Every structure is written in C-alpha cells, then in structure tokens.
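What follows is a single structure, written as structure tokens, with notes after it.
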Amino acid sequence: MGINWNKNFRKLHYWGALIILPPTFVIITTGLILQLKKNIDWIQPITNKGTEINDPSISFEDILAISKKALEAEIDDWSDIERLDVRLNKGLVKVKAKNNWEIQIDTYNGNIIQVDYRRSDIIENLHDGSWFHKNVKNWIFIPSGIILLILWLTGLYMIVLPYKNKLKKSNKN
C-alpha cells in the first residue's frame, strides 16, 4: 500500500495552519498596514521638501543643535539619534530619534520643516517579530514563514491533483 499524499497533506495543512495562526495574523495585519505607510501620515510622516540644492549648507553639528530644539524628540547628544536620512534631491535631512520622533530639517537654511511621530518602524518590528524578542523572530516568526511556504506548496499540490487525476483518466480512455 502506497502513501496517501493527499490525506497527509490535508493533515499537514490542518495542523500547520493552527500552529502558525498567531504569528501569521501579526505578519499579515502589519504587512497590510505597511503597504499604506506612504499614504497615511499616522504610520509614517510625509516626506516634505526643503530648499532644493545639491550641496547642503548645514554641518553635522548644526543638525544636532537643530534637533535639540525639537523637544518631543528628547535629543541631548548623538546617542539619542538612531539614524539620519539625507534626501539631497528634496533638500532635507530626516533625523530619527531613538524614541521614534522624526525631525525633518532643511539642508540649506537649517529650518525645522516638520516634527512628527514615526510608527512605521514599530510596525516593521512587529511584522518581523523582533519587537517581541530576538528569539521570537528567530524561533517563531521564521519557522512560521517556512511552514507557510510548505502550506502553500502542499495547497498547490492539492489544487493540481484533481486535474492530474482527471487528465490521467482521460488518457486511459
């Protein structure tokens, strides 16, 4: 007696889907939200434009001094800054503080263009599981992705199987 692949794949589908339900729900939900991050300012602040020049007029020291003026960002020194995103073609630099506040500064005159809270990074960390813990990402979210791929492949097999059997029967006649 041979292996009943169809029956085994259905069992794998059933139990695999139950096992990965919570992380997959988080991945799908946050993924959908991230698809809208450029369209909804609540998720990620809109990128404005400063004075469009190819050569910035402000220095790193200026950027730090200007960033300190945005009280929400709670920046006292460089250790409070997570990253700088320089957009020369838009004439601005985005300063992302470690507390997720973003300051957009004009690279020509040093004016603060916008200060807003940035949620997209938190949502991205939820999406990949790193928000919970590094081990959750590595031992729950990655295996869930692998199981989801297996479910996709076995599901594809279960879709193709009836057509394969139908073709086999028609070739016998």
Side-chain angles (χ1 to χ4, degrees), residues 1-49 72-74 78-104 113-173:
M1 176 138 185
I3 297 172
N4 186 342
W5 289 107
N6 198 20
K7 184 178 179 182
N8 288 337
F9 283 165
R10 287 188 189 285
K11 282 184 182 179
L12 178 67
H13 245 69
Y14 177 81
W15 289 107
L18 284 175
I19 290 168
I20 67 167
L21 186 68
T24 306
F25 176 78
V26 172
I27 291 167
I28 291 169
T29 305
T30 54
L32 289 169
I33 293 169
L34 288 171
Q35 289 293 318
L36 301 170
K37 74 180 182 181
K38 299 288 184 184
N39 303 91
I40 300 174
D41 297 346
W42 181 85
I43 300 169
Q44 179 173 302
I46 190 166
T47 300
N48 292 291
K49 286 189 175 186
E72 303 92 336
E74 299 173 351
W78 286 109
S79 66
D80 297 322
I81 295 175
E82 184 175 313
R83 70 174 170 255
L84 299 177
D85 181 2
V86 181
R87 305 282 177 104
L88 293 176
N89 62 331
K90 294 196 176 207
L92 69 89
V93 61
K94 294 181 181 184
V95 179
K96 183 173 176 285
K98 288 193 176 175
N99 66 359
N100 291 316
W101 280 86
E102 179 182 278
I103 308 155
Q104 294 183 22
I113 300 169
Q114 176 177 314
V115 178
D116 209 345
Y117 193 74
R118 183 184 174 104
R119 292 169 182 85
S120 60
D121 295 334
I122 296 167
I123 297 167
E124 286 171 15
N125 290 337
L126 279 167
H127 183 69
D128 71 9
S130 62
W131 182 84
F132 301 101
H133 190 273
K134 185 177 101 176
N135 290 335
V136 171
K137 175 182 179 176
N138 294 336
W139 296 104
I140 295 177
F141 276 65
I142 292 174
S144 294
I146 293 167
I147 293 170
L148 187 59
L149 176 62
I150 292 167
L151 293 178
W152 182 80
L153 291 170
T154 57
L156 185 63
Y157 174 82
M158 289 188 292
I159 288 171
V160 170
L161 185 64
Y163 295 106
K164 179 182 163 197
N165 290 338
K166 195 177 197 179
L167 185 63
K168 194 187 258 186
K169 283 181 184 178
S170 70
N171 285 343
K172 281 185 178 180
N173 296 334

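Here the structure is a predicted model, which means the values were calculated and not measured.
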With rounding to the nearest 0.5 Å, note down the distance linking [atom1] in [X] to [atom2] in [Y].
X	Y	atom1	atom2	result
D121	K98	CG	NZ	13.5 Å
N99	D80	CG	CG	8.0 Å
D116	N100	CG	CG	11.5 Å
D85	Q104	CG	CD	9.0 Å
W42	S120	CH2	OG	10.5 Å
I147	T154	CD1	OG1	11.0 Å

With a 6.0 Å cut-off (strictly less than), is the heavy-atom count around CH2 of W78, excluding the residue itself, greater than 12? yes
Taking atom CD1 as the centre, does I46 end up with more than 12 heavy-atom neighbours from other residues, nucleotides or ligands that are less than 6.0 angstrom away? no
Does I27 form a side-chain contact (heavy atoms from CB on, under 4.5 Å) with H127? I'd like the steps, not just the answer. CA-CA 5 Å; I27 291 167; H127 183 69; 3.6 Å; yes
Does some side-chain heavy atom of [Y] sit less than 4.5 Å from a side-chain heavy atom of [X]?
X	Y	answer
L126	I33	no
L36	L32	no
L18	Y14	yes
F141	D128	no

Locate the shortest heavy-atom distance separating A73 from W101; write the atom from each residue and the value. CA-CB, 3.8 Å
Check each of Q114, K90, K94, K38 against T47 using the side-chain hydrogen bond (donor to acceptor under 3.5 Å, both in side chains) test, and report the only one that passes. K94
Passing option when E102 is tested against E72, E82, R118, R83 for side-chain contact (heavy atoms from CB on, under 4.5 Å):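 For E102, the side-chain contact (heavy atoms from CB on, under 4.5 Å) check succeeds only for R118.
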Backbone N/O of L21 and side chain of T24: donor-acceptor pair under 3.5 Å: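 Absent.
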